[in-house]
Undergrad: 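Starting off with a structure, shown below.
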Amino acid sequence: MQHGPAVRRRKLGAELRTLRSRAGLTSGEAARLVGWHQSKVSRIETGTSGSKPADVRLLLDAYGVADPHLRELMLALAGAEGSGGRDHWWHAYRGVLPPAYRDFISLESQASAMRTLETTVVPGLLQTPEYARAVTRAAVEGIDEAQLDTLVEVRMARQDVLRGRPPLELCAVLDEAVLRREVGGPEVMARQLGRLVEAARLPQVRLQVLPFAAGAHIGMTGPFVIFSFSRTSDLDVVVLDHLMSSLYLERKEDLQAYTEAFNALRAQALSPGDSSEYIAALAGGA
């Protein structure tokens, strides 16, 4: 997991294999051109091994790829700094964070926009430390205080993407249950609701509440996240969380289905202005 999430490794490998074939080279010939063993080229192409941006540049040069847009796309897949990615700060927590969580943070750090439906908890990027602590304690059975402190620290560090240059654009639809579920007690919940009101004022954040009165909706099947990338929609991905892992969907049909579902949810939800007023009213009565 050294150089980006597995979903990116597989896509990068497939693209590089296509470019090699177009150049009329075998994997062995490509390896000789860049001074590697053939097995390294094979591992990169199958996605079983990560590749540094410098390695990708060598391969692109060997394949005669001059198109600046294509080169930029390949380097973005490799997680190159300056290609849309932010510093890989989470590597410092490698021994604590499970691979699926590192994958998610990597995508979050490189994305230009994030659309999310939340049905149970406040999005991690908008949680207060006290709320994050209560959620993590409930979700991770038997966690000790040191681990808890570290995971909350990571959660807070993730929020830097909203203050980046440019910042991540966050569009979130929150089921009313998210606001009504008392996490950590009344005081913690009141501060968390207040934090949502503050966040909704940020130009890069758009919050909408899906009230109980909206009735049944397509999001009842569960929460999801859609990551978008500024340079090309070819990198867009849907993430579905499960108890022990995450599922990444990249097919155009899947992306279209979840995009349409998200648009439908936004249409059913309160407007951003009405949502802010609704959250503020709940915060005042919490």
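The basis for the numbers below is simple: all heavy atoms, side chains too, and nothing from hydrogens, waters or symmetry mates. Everything numeric in this text was worked out from a predicted model, so none of it was measured.
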Undergrad: Can a donor-acceptor pair be found, under 3.5 Å and without considering hydrogens, that links the side chain of Q127 to the backbone of V122?
TA: yes
Undergrad: Provide the closest heavy-atom pair for R195 versus L125 in the form atom of the first, atom of the second, distance.
TA: NH2-O, 3.9 Å
Undergrad: Could you give me the CA-CA distance, side-chain angles and deciding distance for V34 and L59, then say whether side chain to side chain contact (heavy atoms under 4.5 Å, CB included) is met?
TA: CA-CA 7 Å; V34 296; L59 291 174; 4.3 Å; yes
Undergrad: Please tell me if the side chains of L174 and P123 come closer than 4.5 Å, counting only heavy atoms from C-beta onward.
TA: yes
Undergrad: Only counting residues at least two apart or in another chain, list the ones meeting side-chain hydrogen bond (donor to acceptor under 3.5 Å, both in side chains) with E153.
TA: Y93
Undergrad: State, to 0.1 Å, how close D175 and H217 come at their nearest heavy-atom pair, and which atoms those are.
TA: OD2-NE2, 3.2 Å
Undergrad: Indicate yes or no for a side-chain donor-acceptor contact from S276 to the backbone of V197 under 3.5 Å, with no hydrogens or angles considered.
TA: no
Undergrad: Between L107 and V239, is any pair of side-chain heavy atoms under 4.5 Å apart?
TA: yes
Undergrad: If the condition is side-chain hydrogen bond (donor to acceptor under 3.5 Å, both in side chains), which residues does S27 pass it with, not counting sequence neighbours?
TA: Q38
Undergrad: Can you check whether R71 reaches D61 side chain to side chain, under 4.5 Å on heavy atoms?
TA: yes
Undergrad: Taking atom CD of Q110 and atom CD of E108, what is their separation to the nearest 0.5 Å?
TA: 11.5 Å
Undergrad: Suppose we screen for ring-ring contact (aromatic ring centres under 6.0 Å, His included). Which residues come up paired with Y278, at least two apart in sequence or across chains?
TA: none
Undergrad: Can you list the residues that meet the ring-ring contact (aromatic ring centres under 6.0 Å, His included) rule with Y63, with sequence neighbours excluded?
TA: none
Undergrad: Within a radius of less than 6.0 Å around CD of E253, do more than 12 heavy atoms belonging to other residues, nucleotides or ligands occur?
TA: yes
Undergrad: Rounded to the nearest 0.5 Å, what separation is found between the OG atom of S106 and the NE2 atom of H91?
TA: 7.0 Å
Undergrad: Any idea which heavy atoms bring T119 and P223 closest together, and the distance?
TA: OG1-CD, 3.5 Å
Undergrad: In the structure I gave you, are the side-chain heavy atoms of D236 and Y258 within less than 4.5 Å of one another anywhere?
TA: no
Undergrad: Return yes if some donor-acceptor pair links the side-chain N/O of Q159 with the main-chain N/O of G124 below 3.5 Å, else return no.
TA: yes
Undergrad: Find the distance between CG (L240) and CG (L249) and round it off to the nearest 0.5 Å.
TA: 5.0 Å
Undergrad: Please check if the side chain of Q204 supplies one atom and the backbone of L162 the other of a donor-acceptor pair under 3.5 Å.
TA: yes
Undergrad: Do V238 and F262 make a side-chain contact, defined as non-hydrogen atoms from C-beta onward lying under 4.5 Å apart?
TA: no
Undergrad: Within the distance-only criterion (no hydrogens, no angle test), does the side chain of T120 pair as donor or acceptor with the backbone N or O of V178 below 3.5 angstrom?
TA: no
Undergrad: So which atom in G47 and which in R9 form the shortest heavy-atom distance, rounded to 0.1 Å?
TA: O-NE, 3.1 Å
Undergrad: Show the nearest heavy-atom pair for residues Q268 and A214, with the distance to one decimal.
TA: NE2-O, 3.7 Å
Undergrad: If you measure from CG on L97 to CG on L151, what distance do you get to the nearest 0.5 Å?
TA: 6.5 Å
Undergrad: Side-chain contact test, heavy atoms from C-beta onward, threshold under 4.5 Å: evaluate it for D160 versus W89 and give yes or no.
TA: no
Undergrad: Who passes side-chain hydrogen bond (donor to acceptor under 3.5 Å, both in side chains) against S21, sequence neighbours left out?
TA: none
Undergrad: For R20, what residues pass the salt bridge (charged side-chain N to carboxylate O under 4.0 Å, His left out) criterion, not counting sequence neighbours?
TA: E45
Undergrad: Taking only residues at least two apart or on different chains, which pairs with a member in residues 264-284 satisfy salt bridge (charged side-chain N to carboxylate O under 4.0 Å, His left out)?
TA: none
Undergrad: Within the structure provided, determine whether V225 and V237 are in side-chain contact (heavy-atom separation under 4.5 Å).
TA: no
Undergrad: Which atom names give the shortest non-hydrogen contact between M74 and L19, and what distance separates them?
TA: SD-CD1, 4.2 Å
Undergrad: Looking at residues at least two apart in the chain, or sitting in another chain, which of them share a side-chain hydrogen bond (donor to acceptor under 3.5 Å, both in side chains) with R115?
TA: S228
Undergrad: Between S275 and V209 (side chain of the first, backbone of the second, donor and acceptor by atom type, cut-off under 3.5 Å), is there such a pair?
TA: yes
Undergrad: I'd like to check the side chain to side chain contact (heavy atoms under 4.5 Å, CB included) partners of R32; sequence neighbours left out, ordered by chain and number.
TA: E29
Undergrad: Residues in salt bridge (charged side-chain N to carboxylate O under 4.0 Å, His left out) with E176, at least two apart?
TA: R180
Undergrad: About how many Å separate CG of L58 and NZ of K52, when rounded to the nearest 0.5 Å?
TA: 11.5 Å
Undergrad: Quick one: ring-ring contact (aromatic ring centres under 6.0 Å, His included) partners of F227, sequence neighbours excluded?
TA: F104
Undergrad: Considering residues at least two apart in sequence or located in another chain, which fulfil the salt bridge (charged side-chain N to carboxylate O under 4.0 Å, His left out) criterion with R133?
TA: E145, D149
Undergrad: Side chains of L126 and L170: does their closest heavy-atom pair fall under 4.5 Å?
TA: yes
Undergrad: Out of curiosity, R155 CZ to T128 OG1, how far, rounded to the nearest 0.5 Å?
TA: 10.5 Å
